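Here is the structure we will look at.
Throughout, a chain's letter reflects where its sequence line sits, starting with A, and its residues are numbered from 1. Everything quoted here is computed from the prediction, not taken from an experiment.
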Amino acid sequence: MSENQFQDDNEIVRTRKEKLLRLRSEENYDPYVNETWDRQITLNEIRSKFENLQPEQVDENANLRTAGRLMTLRRQGKATFADLADETGRIQLYFQLNNVGEKEYDFLKKWVDSGDWIGIVGNPCRTKRGELTIMVKEYKLLSKAIRPLPEKWHGLTDTEIRYRQRYMDLIANPDVREIFRQRSKIISSFRETLEAHGTLEVETPVLSVIAGGANARPFKTFHNALSVEMYLRIAVELYLKRLVVGMMGRVYEIGKNFRNEGIDTMHNPEFTMMEVYWPYANYVDMMNLAEELIRNAAKSIGKTEIEWNDMKIDLSKEFNRLSMREAVRKFADVDFDAINSDEEARKIAVDKGLGSELTGKESKFAILNLFFESFCEEKLIEPTFILGHPVEISPLSKRDPENPDYTHRFELFMYGKEVANAFSELNDPLDQRARFEDQLRKKEAGDEEAHAFDEDFINAIEAGLPPTGGMGIGMDRIVMFLTGARSIRDVILFPTMKPKA
RNA sequence: GAGUCGCUAGCUCAGUCGGUAGAGCACCGGACUUUUAAUCCGGGUGUCGCGGGUUCAAGUCCCGCGCGACUCACCA
């Protein structure tokens with residue numbers, strides 16, 4: 001421990017460090033040597049077990065052994081009230097000199113601070129004012145905090161500290177802990193639903209030489225021993241379809257994707273995606289699965305109705321289904337089935353004020369997508385499956401045999417944002433090669449997000465992919481909408497932040 | 001990438017017209033055996049985000065930069 005360590009600290013930390021050193025030398029007690037504490041009950045369990053305890057009544061036989069962090073201390077001479085918190089809740093402690101003994105009470109007064117972890121043994125009682133309280137008989141200082149807790153009344157609100165020092169946020173704001181518990185339940189619910197349908201959870205590479213399965217810019221990295229440039233994955237799609245070729249049956253993966261893009265309330269560079277592939281299924285089966293997954297996930301946190309940004313959605317209602325062309329007809333009043341040339345489509349785009357978006361080379365299908373993104377997406381508040389994307393923007397989807405310019409694909413929108421993307425997977429290896437070649441031309445024309453050409457993936461498709469339905473769901477957004485979180489950073493424990501210095 | 005707002009004590013925040021840096025909580029010392037935002041007495045603990053400039057004098061005005069939030073743009 002260097003001298004400098006003390007100089008850089010604020011007064012509180014400096015005092016606490018000195019106190020720690022004195023505790024070791026004067027009492028021969030080191031709070032950091034403790035390894036275990038036999039906690040037999042949590043605070044919430046205590047609360048429910050003794051909810052019927054009457055004011056001024058004590059249960060002398062309970063002998064509760066529990067533990068937690070001291071949040072506040074109210075010292076009044078020969079008695080001290082404290083609030084003890086653990087991951088389940090918070091309960092009041094009452095230390096009386098008569099109960100804990102003079103030596104122990106002295107130790108409490110002298111060495112124990114708010115923020116410290118302690119183990120306690122005691123009996124429950126209820127105060128005159130009706131507060132369930134543990135009368136402490138014994139206690140043990142399990143670990144000391146030398147850094148002060150955020151203010152007890154206002155808590156911690158500074159967003160920068162909340163995201164950079166999430167531990168402080170979690171200590172100060174129990175509702176933040178609750179959001180992440182709900183996130184865990186939602187993801188568990190997804191696993192349960194998928195596994196109830198006989199879907200196998202698998203893990204595929206995060207590092208690979210080709211980042212495929214989506215149109216996005218990847219993160220680059222380098223493997224020293226192989227001396228090869230590698231990418232962090234942007235999707236798991238191509239790997240999971242290889243597994244279906246390999247006769248693994250229904251498979252899914254929940255994991256991180258990495259996309260080298262901007263950061264805002266809906267985007268974090270690393271985010272959690274669920275992808276699922278079912279042989280002998282199509283995009284319609286995936287629509288049904290999406291509804292089931294989302295409904296079950298909401299149920300897992302006790303909801304059938306959700307509210308986000310003051311907009312309510314009743315998830316028990318069937319999700320809407322609308323083709324992309326219908327959506328554009330409805331919201332932009334343009335009928336793309338009546339448009340016969342790219343020029344005509346571009347002209348209408350200019351008439352509708354999209355001229356600045358155009359380079360003059362767009363196809364009718366690209367314009368359709370532009371219309372959809374410009375005029376429709378934000379209107380799709382109620383969960384809505386948008387169907388029938390053009391082949392041109394869907395390099396991995398099966399064509400609609402009735403209308404081969406379009407695909408058997410959907411994207412699910414809610415609150416105006418995309419939450420799922422699915423299709424009947426393209427399994428024609430000749431068509432797949434042609435689609436990749438088309439993407440390659442786009443890439444060569446300067447589109448950094450065009451899909452990578454993956455020869456081995458075509459090789460896999462050539463080995464025979466059964467008819468397959470596949471879907472990806474952005475888990476962070478689902479968690480946002482189900483929990484009401486306004487920013488993606490509120491559902492990611494450690495969101496990506498720019499270094500400060 | 002553009003705009004708006006923010007950055008002052010550990011936390012939450014005030015700081016007027018440019019004139020000695022403030023409050024509550026926390027913390028330190030003292031009193032107190034049913035308090036619960038405990039109370040009472042005493043104590044201010046600071047690189048005012050960073051760097052320049054103007055000025056006798058800058059937390060405050062000007063310029064640049066950093067970080068963050070929001071909006072827009074980007075982003076299947």
Discussion item. Regarding A:Ile12, tell me which of base, sugar-phosphate or nothing describes its non-hydrogen contacts under 4.0 Å with the strands shown.
Written reply: base
Fill in: Between C1' of B:rA9 and NE2 of A:His154, the distance in whole Å
16 Å
Discussion item. Expressed as a whole number of angstroms, how long is the span from A:Leu97:CG to B:rC32:C1'?
Written reply: 13 Å
Discussion item. Under 4.0 Å from OP1 or OP2 of B:rU12: is there any side-chain N or O of A:Thr157 that close?
Written reply: yes
Worksheet item: Do A:Thr133 and B:rU34 have a side chain to base donor-acceptor pair shorter than 3.5 Å?
Response: no
Discussion item. Nearest 0.5 Å, please: how far is CD1 in A:Ile367 from CG in A:Leu370?
Written reply: 6.0 Å
Discussion item. Taking the cut-offs as 6.0 angstrom to the six-membered ring centre and 45 degrees off its axis, would you call A:Arg433 and A:Phe436 a cation-pi pair?
Written reply: no
Item to complete: Check the pair A:Lys78, A:Asn98 against side-chain hydrogen bond (donor to acceptor under 3.5 Å, both in side chains), reporting the backbone distance first and the verdict last.
Response: CA-CA 8 Å; A:Lys78 299 185 177 66; A:Asn98 297 354; over 6 Å; no
Worksheet item: Distance between the C1' atoms of B:rU60 and B:rA14, in whole angstroms?
Response: 14 Å
Worksheet item: Contact class for A:Leu149 (heavy atom, under 4.0 Å): base, sugar-phosphate, or nothing?
Response: nothing
Worksheet entry | Between B:rG22 and B:rU45 - P atom distance, rounded Å | 10 Å
Item to complete: Measure from CD on A:Gln165 to P on B:rC67 and round the result to the nearest Å.
Response: 17 Å
Worksheet item: Across all strands shown, which nucleotide pairs with B:rG66 by Watson-Crick or G-U wobble geometry, both distances under 3.5 Å?
Response: B:rC7
Worksheet, complete the sentence: Out of B:rU36, B:rU34, B:rA37, minimum distance to the side chain of A:Trp153 belongs to B:rA37
Worksheet item: If you check the A:Pro148 side chain, which of B:rU35, B:rA26, B:rU33 turns out closest?
Response: B:rA26
Worksheet item: Is A:Asp158 reaching over with its side chain to a backbone N or O of A:Ile161, donor-acceptor style, under 3.5 angstrom?
Response: yes
Worksheet entry | Separation of B:rC25 P from A:Arg74 CZ (nearest whole Å) | 15 Å
Discussion item. Can you identify which nucleotide, out of B:rC28, B:rA37, B:rC25, has its nearest atom closest to the A:Glu151 side chain?
Written reply: B:rC25
Discussion item. Applying a 4.0 Å non-hydrogen cut-off, can you work out what A:Ser114 is touching in the nucleic acid: base, sugar-phosphate, or nothing?
Written reply: sugar-phosphate
Fill in: For B:rG19, the Watson-Crick or wobble counterpart (both distances under 3.5 Å)
B:rC56
Practice prompt. Determine whether any donor atom in the side chain of A:Gln92 lies under 3.5 Å from an acceptor atom in the base of B:rU35, or the reverse, and answer yes or no.
Written response: yes
Discussion item. A cation-pi test, strictly: NZ or CZ of A:Arg325 under 6.0 Å from the centre of the six-membered ring of A:Tyr406 and no more than 45 degrees from its axis. Yes or no?
Written reply: yes
Fill in: Rounded interatomic separation in angstrom, taking CD from A:Glu131 and C1' from B:rU34
11 Å
Worksheet item: Looking for any heavy atom pair under 4.0 Å, which part of the strands does A:Arg217 touch: base, sugar-phosphate only, or nothing?
Response: nothing
Worksheet entry | Nearest non-hydrogen partners of A:Asp86 and A:Ala67, listed with the distance | CB-O, 3.8 Å
Worksheet item: Expressed in whole Å, how much space separates the P atoms belonging to B:rC11 and B:rG46?
Response: 13 Å
Fill in: Value in whole Å for how far the C1' atom of B:rG46 lies from CG of A:Asn10
11 Å
Practice prompt. Send over the distance from A:Asn98 CG to B:rU34 P, rounded to a whole Å.
Written response: 11 Å
Worksheet, complete the sentence: Walking RNA chain B from its 5' end, the first of A:Leu73 and A:Lys78 to be reached, judged by nearest nucleotide, is A:Lys78
Worksheet item: Is A:Lys19 near enough to B:rC28 that one of its side-chain N or O atoms lies under 4.0 angstrom from OP1 or OP2?
Response: yes
Practice prompt. Indicate yes or no: at least one non-hydrogen side-chain atom of A:Arg321 is less than 4.5 angstrom from one of A:Leu387.
Written response: yes
Worksheet entry | Between C1' of B:rA26 and CZ of A:Arg75, the distance in whole Å | 13 Å
Item to complete: Run through A:Thr483, A:Asp476, A:Asp490 and flag the one making a side chain to side chain donor-acceptor pair (under 3.5 Å) with A:Arg183.
Response: A:Asp476
Fill in: Under 4.0 Å protein heavy-atom contact, by nucleotide of nucleotides 68-76 of chain B - B base, S sugar-phosphate only
SSSS-BBBB
Discussion item. Under 4.0 Å from OP1 or OP2 of B:rU36: is there any side-chain N or O of A:Arg129 that close?
Written reply: yes
